[in-house]
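Since this is a predicted model, take the numbers as computed values, not measurements. Both backbone and side-chain heavy atoms feed into the values below; hydrogens, waters and symmetry mates do not.
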Amino acid sequence: MSAGPGNRSTNTEPWGSFDENLIQGGSSAVIDMENLDDTSGSSFEDMGEMHQRMREEEEVAAEAAAAEDHTPEDGDFLGMKGIKGQLGRQVADEVWQAGKRQASKAFNLYANIDILRPYFDVEPVQVRSRLIESLIPVRMINFPQKIAGELYGPLMLVFTLVAILLHGMKTSGTIIREGTLMGTAIGTCFGYWLGVSSFIYFLAYLVNAQITMLQTLSLLGYGLFGHCLVLLVTYNIHFHFLFYFLWLLLGGLSTLRMVAALLSRTVGQTPRLLLCGTLALLHMLFLLYLHFTYHRIVEELLDSLEGAANMVPIQRVARDVPQVALNATARSLETLLMTH
């Protein structure tokens, strides 16, 4: 029994020391466990950091690729330097397509013809009737008269006047120092048509006349029909009384037609006098200018021929030669012969 207690005492020492070591080294064991690397936990943290780093690298690479797609040249050309991504490209494409459509519309000849087509859409029968009506004044001025709103007839009359004026220049021998005969004729006729029409429209606007610019061009253009007839006759038949007769007849009828149309569209005595008087004066003086400016050389030639016909013809007159002169000439000839 004694041995048992002794053995028990001897057997309990190592266990007791082990317990003491556990108790005494408990804190150190805990510290050691904290200092040890937890391989499982550290592996998960490292994988998360690596995944985060890979995502950052992918974002940087994507931004670099997007920056390469938006080159500075495209950005500078389209004005989208500060816009990135798909929205910027869409806006740039829309701007480019809109500009392209505008440019093609501006330089498309067919589109321009479509714009002018309503002003030249007229039948030849209508043009013929309007030419005849341009020489027939209308007395009714109580209501606005109808004025044609087309430019085909007036434009053809202006070109006809250019051809007649060019014929008069060539037959009269007109010399243009600066420019050509064709350019002078076109400038004179179109300058009168456009310039006087603009001036009359301006006066009509001031006096509150009911007429548009298109109607003014048409009215004044058809009024040139009388001028064409007068010049066509007088450039080929050179008689002063014939020109003045046609000037008063045809030029006066076409002027009265235009004056009547303006009277029907103007209210007030003074506005009517100002507008119609200005138009009549300019229209009649223009016919005088065309006749005497480019017909003057022919008139001067005819005047010179008429004056030459009235001159006294040149006659031969016998002249008496003195006898002394004849004797001196004979002696000089004899002396010359003797010397030889």
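Minimum heavy-atom separation, Ala261 to Ile147: CB-CD1, 4.3 Å. In terms of heavy atoms, Gly221 sits closest to Pro154 at CA-CB, 3.6 Å. Taking each heavy atom of Cys276 and Leu263 in turn, the nearest pair found is SG-CD2, 3.5 Å. A pairwise comparison of heavy atoms in Met182 and Leu166 identifies CE-CD2, 3.4 Å as the closest pair. Taking both residues in full, the closest heavy atoms of Met169 and Ala185 are given as CE-N, 4.1 Å, listed atom of the first, atom of the second, then distance. Taking each heavy atom of Ser218 and Ala148 in turn, the nearest pair found is OG-O, 2.8 Å.
In this structure, Phe190 places its CZ atom where more than 12 heavy-atom neighbours from other residues, nucleotides or ligands lie under 6.0 Å away. Heavy atoms of other residues, nucleotides or ligands lying less than 6.0 angstrom from CE of Met156 number more than 12.
With values rounded to the nearest 0.5 angstrom, His283 atom NE2 is found 4.0 Å from Thr255 atom OG1. If you take CD1 on Ile200 and CE on Met213, they are separated by 10.5 Å, rounding to the nearest 0.5 Å. Atom-to-atom distance recorded for Ser134:OG and Leu250:CG is 10.0 Å, nearest 0.5 angstrom. Considering CG of Leu262 and CD of Gln215, their distance stands at 10.5 Å, rounded to 0.5 Å. Atom CG of Leu287 is separated from atom OH of Tyr192 by 9.0 Å, given to the nearest 0.5 angstrom. Thr234 contributes atom OG1, which lies 9.5 Å from atom CG of Leu290 (distance to the nearest 0.5 angstrom).
Judged by distance alone, the side chain of Trp193 and the main-chain N or O of Leu217 form a donor-acceptor pair under 3.5 Å. Checked by atom type and distance alone, the side chain of Arg257 pairs as donor or acceptor with a backbone atom of Ile136 at under 3.5 Å. Side chain of Ser197 to main chain of Leu194: no donor-acceptor pair is present (N/O by atom type, distance under 3.5 Å, no hydrogens or angles). Side chain of Trp247 to backbone of Met284: a donor-acceptor contact under 3.5 angstrom is found.
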Exercise answer: donor-acceptor pairs, residues 201-211 side-chain atoms, under 3.5 Å, sequence neighbours excluded:
none

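Val267 and Leu274 sit in two unconnected hydrophobic clusters of ILVMFWY residues. Membership requires side-chain heavy atoms under 4.5 Å apart, directly or through other members. Hydrophobic clustering places Leu242 together with Leu229 (ILVMFWY residues linked when any side-chain heavy atoms are closer than 4.5 Å, directly or through intermediates). Residues Leu279 and Leu285 share a hydrophobic cluster, clusters being chains of Ile/Leu/Val/Met/Phe/Trp/Tyr side chains in contact below 4.5 Å. Residues Val125 and Ile132 do not share a hydrophobic cluster, defined by chaining ILVMFWY side chains whose heavy atoms lie under 4.5 Å apart. Using a 4.5 Å cut-off between side-chain heavy atoms of Ile, Leu, Val, Met, Phe, Trp and Tyr, with links allowed through other members, Leu256 and Leu288 fall into different hydrophobic clusters.
Here side chain to side chain donor-acceptor pair (under 3.5 Å) pairs that include residues 144-167, with residues two or more places apart or in two chains, are Arg130-Glu150, Glu150-Tyr222, His167-Asn236.
Using the six-membered ring where Trp is involved, Tyr235 and His291 have ring planes that are parallel, under 30° apart on the 30 and 60° scheme. The aromatic rings of Phe292 and Phe243 stand perpendicular to each other, their planes meeting at an angle above 60°, with 30° marking the opposite boundary. Between Phe239 and Phe241, the ring-plane angle classifies as tilted under the 30° and 60° cut-offs.
Between Thr278 and Phe199, the closest side-chain pair of non-hydrogen atoms falls below 4.5 Å.
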side-chain contact (heavy atoms from CB on, under 4.5 Å) between Cys189 and Leu165: does it pass, once the steps are laid out? CA-CA 9 Å; Cys189 298; Leu165 185 59; 4.0 Å; yes
Can you list the steps and then say if Phe286 with Thr188 is a side-chain contact (heavy atoms from CB on, under 4.5 Å)? CA-CA 10 Å; Phe286 180 64; Thr188 302; 4.2 Å; yes
